[in-house]
Number of protein chains: 2
Amino acid sequence: MDYIEAAQALLQEKGVRASTIRINVLAYLLSHPTHPTVEHIYQALRKSMLTLSKTTIYNTLDLFQQQNLVRVINIDEKEMRYDANTTEHGHFQCQECKAITDFTIRCSTPDLPGFQIATRNIYYRGICAECQTKKEELLNEKSNGN
Amino acid sequence: MDYIEAAQALLQEKGVRASTIRINVLAYLLSHPTHPTVEHIYQALRKSMLTLSKTTIYNTLDLFQQQNLVRVINIDEKEMRYDANTTEHGHFQCQECKAITDFTIRCSTPDLPGFQIATRNIYYRGICAECQTKKEELLNEKSNGN
DNA sequence: TACATATTTAAATTCATTACAATTTAATTT
DNA sequence: AAATTAAATTGTAATGAATTTAAATATGTA
């Protein structure tokens with residue numbers, strides 16, 4: 001399975017012209033399900049596309065969003081993040097390491113009569129399991145050392 | 001029931017010095033459960049506090065957040081919004097009128113073993129009932145007129 | 001009153017994002 | 001193929017919310 005081919009196929013499905021840049025941006029998102037920022041994508045693709053502009057990344061991601069190819073994740077305080085996984089899932093951001101983890105969740109129907117819901121975003125924040133373990137280890141070291 | 005008194009009481013409960021500015025910012029949030037921005041609060045309080053600085057609003061809201069007196073709502077594309085209602089509820093933003101509506105919702109426990117969850121935010125977007133009605137009326141007018 | 005601490009202020013800065021005009025590339029027509 | 005049109009990409013400059021900084025002011029306590 002080739003991410004480039006998969007990206008090209010997805011673009012064609014949506015009737016979007018599959019330019020080199022578009023294919024590469026989408027392939028990057030497919031191969032890096034780590035919710036990258038515009039900067040991440042830009043720095044990665046710049047290596048092989050010397051004249052690439054950051055504006056193009058913004059434009060491309062806007063287009064993808066309109067076509068439902070990506071979803072924007074606004075969990076981070078400063079930067080937007082992008083996810084090629086458009087299925088329903090929540091996002092957890094660790095306040096220590098800033099990493100974003102997907103999780104599955106089911107919610108009841110909200111009491112919004114007459115409202116038309118277009119997008120749903122569930123953002124949780126806290127300390128991830130890994131950072132939690134590190135913290136506990138630090139505490140143990142301290143109590144053993146003294 | 002006086003919002004000023006209520007704000008003062010809440011601040012004292014948390015052991016935070018109840019300065020005039022703090023009381024007024026919190027009272028504003030209590031009396032305007034419309035998820036105001038920093039700018040909204042600033043413009044409203046400036047009228048009676050001529051030397052008020054926007055930085056103070058930021059500082060005050062940061063303090064309130066630490067003390068769990070307010071919750072930050074990041075649903076808007078550009079500006080942060082603040083809510084003195086700290087009970088669990090979701091937020092819906094209308095893509096037409098930008099108004100934010102509270103809703104109640106219950107979600108299943110996420111599959112995040114070992115994770116420590118500190119804050120939860122549920123953001124839905126779409127068209128609110130009012131704007132939906134307006135749109136339908138416009139459509140009807142068109143089909144009747146022609 | 002004097003002192004230390006907490007609060008408030010205003011100006012300057014930061015930085016992700018957007019606006020826009022110019023340029024390049026690709027597709028279509030003559 | 002050349003000419004025309006449309007679409008995509010680029011770079012610079014502007015935007016504006018949020019933060020930083022340092023100075024000024026107010027407050028509580030001895």
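Hydrogens, waters and symmetry mates are skipped; everything else that's a heavy atom, side chains included, is used. Below, chains carry the letters A, B, ... as their sequence lines are ordered, and counting in each starts from 1.
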- prompt: Are the two sulfur (SG) atoms of B/C128 and B/C97 closer than 2.5 Å?
  reply: no
message: Assess whether a salt bridge exists between A/E88 and A/R106, defined as any Lys/Arg side-chain N lying under 4.0 Å from an Asp/Glu carboxylate O.
response: no
What is the distance, to the nearest angstrom, from the [atom1] atom on [X] to the [atom2] atom on [N]?
{"X": "A/L50", "N": "D/dT10", "atom1": "CG", "atom2": "P", "result": "11 Å"}
{"X": "A/Q43", "N": "C/dA16", "atom1": "CD", "atom2": "C1'", "result": "14 Å"}
{"X": "B/L61", "N": "D/dT19", "atom1": "CG", "atom2": "P", "result": "11 Å"}
{"X": "B/Q66", "N": "C/dT7", "atom1": "CD", "atom2": "P", "result": "11 Å"}
{"X": "B/N74", "N": "C/dA16", "atom1": "CG", "atom2": "C1'", "result": "14 Å"}
{"X": "B/L11", "N": "C/dT7", "atom1": "CG", "atom2": "C1'", "result": "14 Å"}
{"X": "B/I73", "N": "D/dA18", "atom1": "CD1", "atom2": "P", "result": "13 Å"}
{"X": "A/L52", "N": "C/dT25", "atom1": "CG", "atom2": "P", "result": "14 Å"}

message: Would you say A/T56 places a side-chain N or O within less than 4.0 Å of OP1 or OP2 belonging to D/dT10?
response: yes
- prompt: Is the shortest heavy-atom distance from the side chain of B/L45 to the side chain of B/V25 under 4.5 Å?
  reply: yes
field: Value rounded to 0.5 Å, distance of CG in A/L69 from CG in A/D83
entry: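 So the CG of A/L69 and the CG of A/D83 are separated by 12.5 Å.
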task: Using the salt bridge (charged side-chain N to carboxylate O under 4.0 Å, His left out) rule, take A/E96 and A/K135 through it: C-alpha gap first, then chi angles, then the decisive distance, then the call.
output: CA-CA 10 Å; A/E96 294 281 339; A/K135 273 191 167 181; 3.5 Å; yes
message: What's A/T37 touching, base or sugar-phosphate or nothing? Going by heavy atoms closer than 4.0 Å.
response: nothing
Residues B/Y82, B/F64; criterion ring pair (Phe, Tyr, Trp, His ring centres under 6.0 Å); working and verdict: CA-CA 10 Å; B/Y82 295 86; B/F64 287 179; 9.4 Å; no
- request: Give me the ring orientation class for B/H89 and B/H91: parallel if the planes are under 30° apart, tilted from 30 to 60°, perpendicular past 60°.
  value: perpendicular
- request: Hey, can you tell me if A/F92 and B/F115 have their rings parallel, tilted or perpendicular (30° and 60° cut-offs)?
  value: perpendicular
message: Side chain of A/T51, heavy atoms from C-beta onward: which of C/dT8, C/dT9, D/dT10 has the nearest atom to it?
response: D/dT10
Residue from A/T56, A/N59, A/L10, A/V16 passing side-chain contact (heavy atoms from CB on, under 4.5 Å) with A/R22: A/V16
Identify each atom pair where a protein N or O and an N or O of nucleotides 17-21 of chain C are less than 3.5 Å apart, giving names and distance.
residue	atom	partner	partner atom	Å
C/dT17	OP1	A/M80	N	2.8
C/dT17	OP2	A/Y58	OH	2.7
C/dT17	O5'	A/Y58	OH	3.3

query: Does anything in residues 16-27 of chain A reach DNA chain C, meaning a heavy atom under 4.0 Å, and if so which residues?
result: A/R17
